[in-house]
Structures are given as structure tokens and as C-alpha cells.
Amino acid sequence: MKINFEIISTILEPFITIHAAEKTPQLVQLSDEIQQLSNSLNLTGYRDTKRKMISVLEINRIQTSGKRVICQTPDGAYELHQRIYELAGTLPHNLFIRTSSSEIIRIACIKEFALTPTGMYQIILRDGQQTYTSRRYTREIRKELLS
């Protein structure tokens, strides 16, 4: 089996296409296993009395507000019942970056960085929101994303 990667920076959500001469049981099993793997990357979000399974690919950012952990998605905000340090350890490191002790951002949602006079970075997201890194995470962001 040949595996190709096509990296396109404008794609916000990765997808997989299988090219074959015919649909075989092995290919169906492979697609089922890929689907199970991608479904394991879900979090449970709460809004009012409703509960929703949220794919990590839907998440724009996660931040704390008081003692609550809030997950921002394109269709609104959801409360998560995990602590932000737990999420930082479980979210895929190639998709998310921690910008402060109270915020994690999906890398694909970042539009640009601007260096502030104090040495921190201002992060401008694709939806127009702005946030700032803490000094503690500036070095990591520079190493991971800006080098």
C-alpha cells in the first residue's frame, strides 16, 4: 500500500481519501479503524442541560473562566469538565498549542502573530478574536511555530 501526504495550509480539517480499483473487505476494515481512531478524539461539552460530543477538530480554543473550562467551537461555547492541564496533556500536540496557563488554541485557527513591546506575542485568530501569550509560553511558541 502506498501512502501519500498532501499538505495544504488552507485546509482547516484533515480528511482521508482511499483510492483503489475496488472496494475490498480489507479497505472497509481500514476505513472503520480510521473512523474509530478519529472518533476517540472527542470531548464531552455541556451547554445548559444539553451534552454534546465535540470532535477536537471542531475546537477553536479552550480557556478558563474562573473555575470553569470553556471550549469555543464554530457553533458556540461549551463547558468542559476536565481541567485545562489535563486537556493540554491529552490533546494532539501537532494540532494544539498552549499559549498560557489558562488557554489552549488550535494551531489551524491562528491567523498571525504580532510581537508586543513587552516581549509577548499577540495572537490574532482567523475569526478576528485576539489573545496574548504569557511570558512563560512565549519561548515554546517561538520554538514550535515561529522558527
Side-chain angles (χ1 to χ4, degrees), residues 1-114 121-134 136-147:
M1 180 182 302
K2 184 177 176 183
I3 298 175
N4 292 327
F5 285 91
E6 186 174 345
I7 308 300
I8 302 171
S9 63
T10 57
I11 293 179
L12 295 178
E13 183 175 343
F15 63 91
I16 296 173
T17 304
I18 298 174
H19 299 274
E22 63 182 42
K23 191 173 186 176
T24 64
Q26 293 85 5
L27 291 176
V28 171
Q29 180 183 358
L30 176 64
S31 70
D32 290 343
E33 290 175 3
I34 291 170
Q35 188 67 39
Q36 287 176 353
L37 178 63
S38 68
N39 286 341
S40 69
L41 299 174
N42 289 329
L43 299 174
T44 304
Y46 300 87
R47 183 171 20 182
D48 301 325
T49 59
K50 296 182 181 180
R51 189 169 86 176
K52 179 184 177 186
M53 293 303 290
I54 303 169
S55 167
V56 295
L57 299 175
E58 293 178 61
I59 297 171
N60 294 339
R61 67 199 278 194
I62 299 170
Q63 59 194 115
T64 59
S65 175
K67 292 191 177 198
R68 298 173 47 205
V69 177
I70 306 297
C71 166
Q72 297 286 334
T73 67
D75 63 326
Y78 293 90
E79 184 175 350
L80 302 177
H81 288 177
Q82 293 101 327
R83 299 282 181 217
I84 199 153
Y85 66 86
E86 295 171 338
L87 293 167
T90 59
L91 290 170
H93 296 289
N94 60 333
L95 297 177
F96 291 88
I97 191 153
R98 191 152 184 188
T99 59
S100 68
S101 60
S102 62
E103 187 169 35
I104 301 170
I105 297 177
R106 185 162 59 115
I107 295 170
C109 294
I110 297 173
K111 182 178 178 183
E112 63 186 59
F113 291 92
Y121 285 106
Q122 176 187 27
I123 301 173
I124 301 166
L125 303 177
R126 293 188 187 274
D127 63 2
Q129 295 181 3
Q130 298 178 13
T131 187
Y132 292 88
T133 63
S134 68
R136 179 177 178 189
Y137 291 93
T138 299
R139 182 177 294 149
E140 179 182 338
I141 289 169
R142 191 179 304 129
K143 183 179 95 178
E144 295 289 324
L145 300 178
L146 301 174
S147 59

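Index from 1, following the sequence. Please read all numbers here as calculations on a predicted model, not as lab measurements.
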Exercise. Can you tell if the side chain of L125 reaches within under 4.5 Å of the side chain of I110, non-hydrogen atoms only?
Worked result: yes
Exercise. Which value, rounded to the nearest 0.5 Å, describes the distance between F113 atom CZ and T138 atom OG1?
Worked result: 10.0 Å
Exercise. Hey, mind stepping through R61 and D127 against salt bridge (Lys or Arg N to Asp or Glu O under 4.0 Å) and telling me if it holds?
Worked result: CA-CA 11 Å; R61 67 199 278 194; D127 63 2; 5.9 Å; no
For this session: Hey, could you give me the CD1/OG distance between I18 and S31, rounded to the nearest 0.5 Å?
Result: 5.5 Å
Problem set entry | Residue pairs involving residues 45-64 (criterion ring pair (Phe, Tyr, Trp, His ring centres under 6.0 Å); sequence neighbours excluded) | Y46-H81
Exercise. Roughly how far apart are E79 CD and R47 CZ, rounded to 0.5 Å?
Worked result: 12.0 Å
Exercise. If you look at every heavy atom in L27 and E22, which pair is closest and at what distance?
Worked result: CD1-O, 3.5 Å
Problem set entry | Inter-residue atom distance I105.CD1 - R98.CZ, 0.5 Å rounding | 12.0 Å
Problem set entry | CD1-CG distance between I59 and L43, expressed to the nearest 0.5 angstrom | 4.5 Å
Exercise. Out of T131, L145, I97, which residue meets the side-chain contact (heavy atoms from CB on, under 4.5 Å) rule with I123?
Worked result: T131
For this session: Hey, could you give me each pair passing salt bridge (charged side-chain N to carboxylate O under 4.0 Å, His left out) that has a residue in residues 136-147? Not counting sequence neighbours.
Result: none
Exercise. So how far is it from T64 OG1 to I70 CD1, rounded to the nearest 0.5 Å?
Worked result: 9.0 Å
Problem set entry | Partner set under salt bridge (Lys or Arg N to Asp or Glu O under 4.0 Å) for E86, not counting sequence neighbours | none
